[in-house]
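Values in this document were obtained by computation on a predicted structure and should not be read as measured data.
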Amino acid sequence: MARLKTKVALITGSDSGIGRAIAIAYGKEGANVVVTYRSDEEGGKRTTADIIAAGGEAICLQLDVSDEAKVAQVFDEVIQKYGKIDLLVNNAGINGSNVPVAEMDTSTFDRCIKTNLYGSFFCTRAYLQRRKGITSGGNIIFVSSIHEEVNTAGNADYNASKAGVKNFSRSLALELADKNIRVNNIAPGMILTEMNQEAVEDDTVRKEKEQYIPMKRAGKPEDVAQIAVFLASADSDYVTGATYVVDGGLMIHLGQGA
Ligand code: NAI
């Protein structure tokens, strides 16, 4: 299939986990993929090599989304190479600090908000500023979390950042609806990536957590990537401002037995 043929797609944090799976899936659909990594160069190169080995097109660039100047530089580089960016996936993110608010210092709170929320803002703005004169359809996809709605004590920084991402994406969808740019959001549940390292490494931990998931299994990065392909493709042409929850039913299950 080549649902994304001729599209240039930049995916933040595509050296690992969900971002890597999205980059590979986009490569299979014919996109020119811009793989980006913050510090794991080897991971970025691995994603890029895997796309190329499968017959796709990809380049690999270093990008810290919390660094405004670096974001501008990378987006300029992509425009220089391809002349456009069609698809932006704001995937990069870090976990919360697990520090109670009363004890949280400013730099801890800053770190999470700066990556998850500001990072999405910096990349989105850089993308939009480089679309002047481009009339072909644009597309921005955010990766929030079920924690945009579901709260957990001790993770106020993460939960606030993801609620922010959701509302940012919805406001942006309205702003861009008549400009041929669609904006959607994916809210994953428990996905087996580095962010859930304990569950990846320890079957007992994973199985215990899976009991709370109605489908009785944690998600794979590919489960999220398939939705990201759908939202990037013409198959979702009339969809904007939506959040797709990819969680095996976890979110609707909350409150059972209360
Ligand atoms: P991961 O740890 O494998 O991937 C996170 C990626 O973000 C990495 O590539 C990392 O290098 C990148 N990153 C972190 N800070 C960055 C920065 N300042 N600049 C650029 N890149 C940066 O974890 P995963 O699960 O693939 O996470 C991807 C997204 O999915 C994140 O936004 C996360 O919050 C979200 N998510 C993950 C869930 C899970 O259960 N794994 C559940 C809900 C949401």
Side-chain angles (χ1 to χ4, degrees), residues 1-15 17-37 44-45 47-61 63 65 71-92 119-120 122-143 169 172-173 175-186 221-242 244 246:
M1 280 196 286
R3 281 181 285 177
L4 304 180
K5 202 161 173 52
T6 76
K7 302 287 184 197
V8 177
L10 187 153
I11 300 110
T12 65
S14 37
D15 51 292
I18 292 169
R20 171 180 153 80
I22 293 174
I24 289 173
Y26 281 9
K28 283 188 185 145
E29 293 287 347
N32 291 309
V33 183
V34 182
V35 173
T36 64
Y37 64 92
K45 285 185 171 163
T47 303
T48 310
D50 289 347
I51 293 169
I52 292 167
E57 293 281 330
I59 59 167
C60 182
L61 300 172
L63 171 63
V65 297
V71 169
Q73 184 201 314
V74 165
F75 278 71
D76 280 343
E77 229 176 297
V78 178
I79 295 291
Q80 252 173 25
K81 179 161 175 62
Y82 293 111
K84 60 169 188 166
I85 308 175
D86 302 290
L87 269 160
L88 166 65
V89 183
N90 284 310
N91 162 76
S120 299
F122 289 153
C123 291
T124 299
R125 188 179 56 186
Y127 167 87
L128 292 172
Q129 287 175 344
R130 284 156 188 78
R131 281 191 60 84
K132 291 190 181 107
I134 296 177
T135 51
S136 62
N139 198 319
I140 307 174
I141 297 168
F142 292 81
V143 178
S169 74
L172 187 70
E175 207 173 296
L176 301 175
D178 63 354
K179 296 185 174 63
N180 204 18
I181 304 175
R182 294 193 294 114
V183 180
N184 290 291
N185 178 37
I186 302 175
E222 292 74 20
D223 293 322
V224 181
Q226 288 317 307
I227 300 300
V229 168
F230 167 71
L231 290 173
S233 76
D235 293 346
S236 59
D237 238 5
Y238 197 51
V239 179
T240 198
Y244 278 68
V246 183

| Gap between atom CD1 of Ile181 and atom OG of Ser136 - 0.5 Å precision | 9.5 Å
| remark: Between the OG atom in Ser169 and the CD1 atom in Ile141, the distance rounded to the nearest 0.5 Å is 11.0 Å
| Partners passing side chain to side chain donor-acceptor pair (under 3.5 Å) against Asn180 (at least two apart in sequence or in another chain) | none
| said: For Ser236, give me all partners under side chain to side chain donor-acceptor pair (under 3.5 Å), at least two apart in sequence or on another chain. | reply: Arg182
| Should Val143 and Asn90 be marked as a side-chain contact (heavy atoms from CB on, under 4.5 Å) after you check the CA-CA gap, both sets of side-chain angles, and the distance that decides it? | CA-CA 6 Å; Val143 178; Asn90 284 310; over 6 Å; no
| said: Testing the basics here: between Leu231 and Tyr244, what is the closest heavy-atom pair and its distance to 0.1 Å? | reply: CD2-CE1, 3.8 Å
| request: Decide yes or no for Ile140 and Leu128: does some side-chain heavy atom of the first lie under 4.5 Å from some side-chain heavy atom of the second? | output: yes
| query | Closest heavy-atom contact between Val183 and Thr240? | reply | N-OG1, 2.9 Å
| field | Gap between atom CG of Leu61 and atom OH of Tyr37 - 0.5 Å precision | value | 8.0 Å
| said: Using side-chain contact (heavy atoms from CB on, under 4.5 Å), reason through Ser233 and Leu4 one step at a time and then give a plain yes or no. | reply: CA-CA 6 Å; Ser233 76; Leu4 304 180; 4.2 Å; yes
| request: Quick one: closest heavy-atom pair of Ala242 and Asn184, and the distance? | output: N-OD1, 2.9 Å
| remark: Taken in chain and number order and not counting sequence neighbours, the residues that satisfy salt bridge (charged side-chain N to carboxylate O under 4.0 Å, His left out) with Arg125 are Glu68
| said: I need the minimum non-hydrogen distance between Thr124 and Leu172, along with the two atoms involved. | reply: CG2-CD2, 3.5 Å
| note | Rounded to the nearest 0.5 Å, the CG atom of Asn139 sits from the CG atom of Leu87 at a distance of 5.0 Å
| Nearest heavy atoms of Ala126 and Phe75, plus distance in Å | CB-CG, 3.8 Å
| query | Do the side chains of Val246 and Ile186 get nearer than 4.5 Å, heavy atoms only? | reply | yes
| Are any non-hydrogen side-chain atoms of Asp235 and Arg3 less than 4.5 angstrom apart? | yes
| query | To the nearest 0.5 Å, how far apart are OG1 in Thr48 and CD1 in Ile24? | reply | 9.5 Å
| said: Give me the atom names and distance for the closest heavy-atom approach of Arg131 to Gly137. | reply: NH2-C, 3.8 Å
| query | Which pairs count as side chain to side chain donor-acceptor pair (under 3.5 Å) when at least one residue sits in residues 71-84, sequence neighbours excluded? | reply | Asp76-Arg130, Lys84-Asp86
| query | How many angstroms lie between atom CD of Glu222 and atom CD1 of Ile227, to the nearest 0.5 angstrom? | reply | 13.0 Å
| field | Worked verdict on Cys123 versus Leu88 for side-chain contact (heavy atoms from CB on, under 4.5 Å) | value | CA-CA 8 Å; Cys123 291; Leu88 166 65; 4.2 Å; yes
| message | Checking Asn32 now: which residues fulfil side chain to side chain donor-acceptor pair (under 3.5 Å) with it, not counting sequence neighbours? | response | none
Could you go through residues 6-15 and list every donor-acceptor pair under 3.5 Å that involves a side-chain atom there, pairing it with any protein atom two or more places apart or in another chain?
from: Thr12; atom 1: OG1; to: Val89; atom 2: O; distance (Å): 3.3
from: Thr12; atom 1: OG1; to: Asn91; atom 2: N; distance (Å): 2.9
from: Thr12; atom 1: OG1; to: Ala92; atom 2: N; distance (Å): 2.9
from: Ser14; atom 1: OG; to: Ile11; atom 2: O; distance (Å): 2.8
from: Ser14; atom 1: OG; to: Thr36; atom 2: N; distance (Å): 2.9
from: Ser14; atom 1: OG; to: Thr36; atom 2: O; distance (Å): 3.4

